[in-house]
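Written out below as structure tokens is the structure these notes cover.
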Amino acid sequence: MKDWDAAYAQGQTPWDKGKAAPPLVEFLSKHTISGQVLVPGSGTGHDVRLIAGQGADVLGLDVSPRAHSAAISFKNFKNANYRIGDFLHLTDDLKNKFDWLVEHTCLCALDPDQRANYVQSARLAIKEGGYLLAIFFREVQAYDGSGPPHPITADEIQALFAEGFDRVTSYTPSEHYDCRPYGCEEVYLFRRCKS
Ligand SMILES: C[S@@+](CC[C@H](N)C(=O)[O-])C[C@H]1O[C@@H](n2cnc3c(N)ncnc32)[C@H](O)[C@@H]1O
């Protein structure tokens, strides 16, 4: 498994573009994310601050203490909070708590054999009727199997989220970073249902 804290220590964080994910900005220009929100693998917190700026109570969870230090060093809204922790081993106070989970570059950062564990944590974290908004990496340029990031197929998304989630919609976002051309990312909105 990748040593994420070492990557932050060495400044080798090419995923950090210094701003929130464009597909998330696009989503929020049309929809509201409210209530209790969890952002797993939140890094230095750009997505957390964007969502908190709209009024939701947002928790950014990341395994890296250095990412956490960087996140709290920004000017933050008081409804933006951060915690050091492993999303794959969710603590009890984070279970059945969230109205929304916002996924961006956390699932693709995990080893593919950890994906079922990721989905189980998502099922535990989100309240019934809550939402999972995911920006998935459908394609990674020049991918040779040695990620992260690791891309995910539409079939795997469907299989992984078949239990406990209903797909509300999915689409290719118009807004994207220049380095992630149109079609590399796909947005999925799922609703947590009874499993
Ligand atoms: C590719 S980075 C993306 C960070 C942030 N989402 C962004 O776009 O800037 C992946 C992040 O997930 C964190 N991470 C990796 N495994 C994790 C886990 N099991 N639980 C929580 N965070 C994790 C890493 O420390 C890293 O900050």
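First listed ligand is number 1; within each ligand, the first listed atom is number 1.
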Quiz item: In the protein, what heavy atom is nearest to atom 21 (C) of ligand 1, and what distance, to one decimal place, separates them?
Solution: G85 O, 3.4 Å
Quiz item: Which heavy atom of the protein is the closest neighbour of atom 14 (N) of ligand 1, given with residue, atom name and distance?
Solution: V63 CG2, 3.5 Å
Quiz item: So does R83 pair up with D93, basic N to acidic O under 4.0 Å?
Solution: yes
Quiz prompt | Pair W100 + F190: ring centers closer than 6.0 Å | solution = no
Quiz item: Do any nitrogen or oxygen atoms of Y8 lie less than 3.5 angstrom from nitrogen or oxygen atoms of ligand 1?
Solution: yes
Self-check item: Candidate with minimal heavy-atom separation from atom 15 (C) of ligand 1, of W4, Y177, W15
Solution: W4
Practice problem: Have a look at ligand 1 and work out which part of K2, if any, has a heavy atom under 4.0 Å from it: side chain, backbone, both or neither. | Solution: neither
Practice problem: Within a distance under 4.0 Å of any heavy atom of H104, pick out the atoms of ligand 1 and give their elements. | Solution: 6 (N), 8 (O)
Exercise. For atom 10 (C) of ligand 1, state which one of D86, T105, D16 supplies the nearest heavy atom.
Key: T105
Exercise. Measure from the side-chain N and O atoms of S42 to the backbone N and O of L61, and report whether any donor-acceptor pair falls under 3.5 Å.
Key: yes
Quiz prompt | Polar contact flag, side-chain donor to acceptor under 3.5 angstrom, D62-H68 | solution = no
Exercise. Have a look at ligand 1 and work out which part of A109, if any, has a heavy atom under 4.0 Å from it: side chain, backbone, both or neither.
Key: side chain
Quiz item: Is there a side-chain contact between Q141 and P181 (heavy atoms, below 4.5 Å)?
Solution: yes
Practice problem: Identify, for atom 20 (N) of ligand 1, the protein heavy atom at the shortest distance, and state residue, atom and that distance. | Solution: F87 N, 2.9 Å
Exercise. Take E185 and Y177, measure what side chain to side chain donor-acceptor pair (under 3.5 Å) needs, and give me the verdict at the end.
Key: CA-CA 10 Å; E185 294 167 307; Y177 295 124; over 6 Å; no
Quiz item: Does the ring of F74 carry R49 above it, NZ/CZ under 6.0 angstrom from centre and within 45° of its axis?
Solution: yes
Quiz item: Between R138 and E186, is there a salt bridge with N-O shorter than 4.0 Å?
Solution: yes
Quiz item: Which of these, V39, D62, V102, has its nearest heavy atom closest to atom 25 (O) of ligand 1?
Solution: D62
Quiz item: So is C108 close enough to ligand 1, meaning a heavy atom under 4.0 angstrom away?
Solution: no
Quiz prompt | Test item, Y118 contacting ligand 1 (heavy atom, 4.0 angstrom) | solution = no
Quiz item: When only distance counts, is A67 in polar contact with ligand 1, meaning an N/O pair under 3.5 Å?
Solution: no
Exercise. Please examine the side chains of I51 and V39, heavy atoms only from C-beta on, and report whether any two atoms are closer than 4.5 Å.
Key: yes
Exercise. With heavy atoms only and a cut-off of under 4.0 Å, state how L110 meets ligand 1: side chain, backbone, both or neither.
Key: side chain
Self-check item: Side-chain touch L133/V187, heavy atoms, less than 4.5 angstrom
Solution: yes
Practice problem: Answer yes or no: does an N/O atom from G41 fall short of 3.5 Å to an N/O atom of ligand 1? | Solution: yes
Exercise. Identify, by atom number and element, the atoms of ligand 1 in contact range of S64, meaning under 4.0 Å from any of its heavy atoms.
Key: 25 (O)
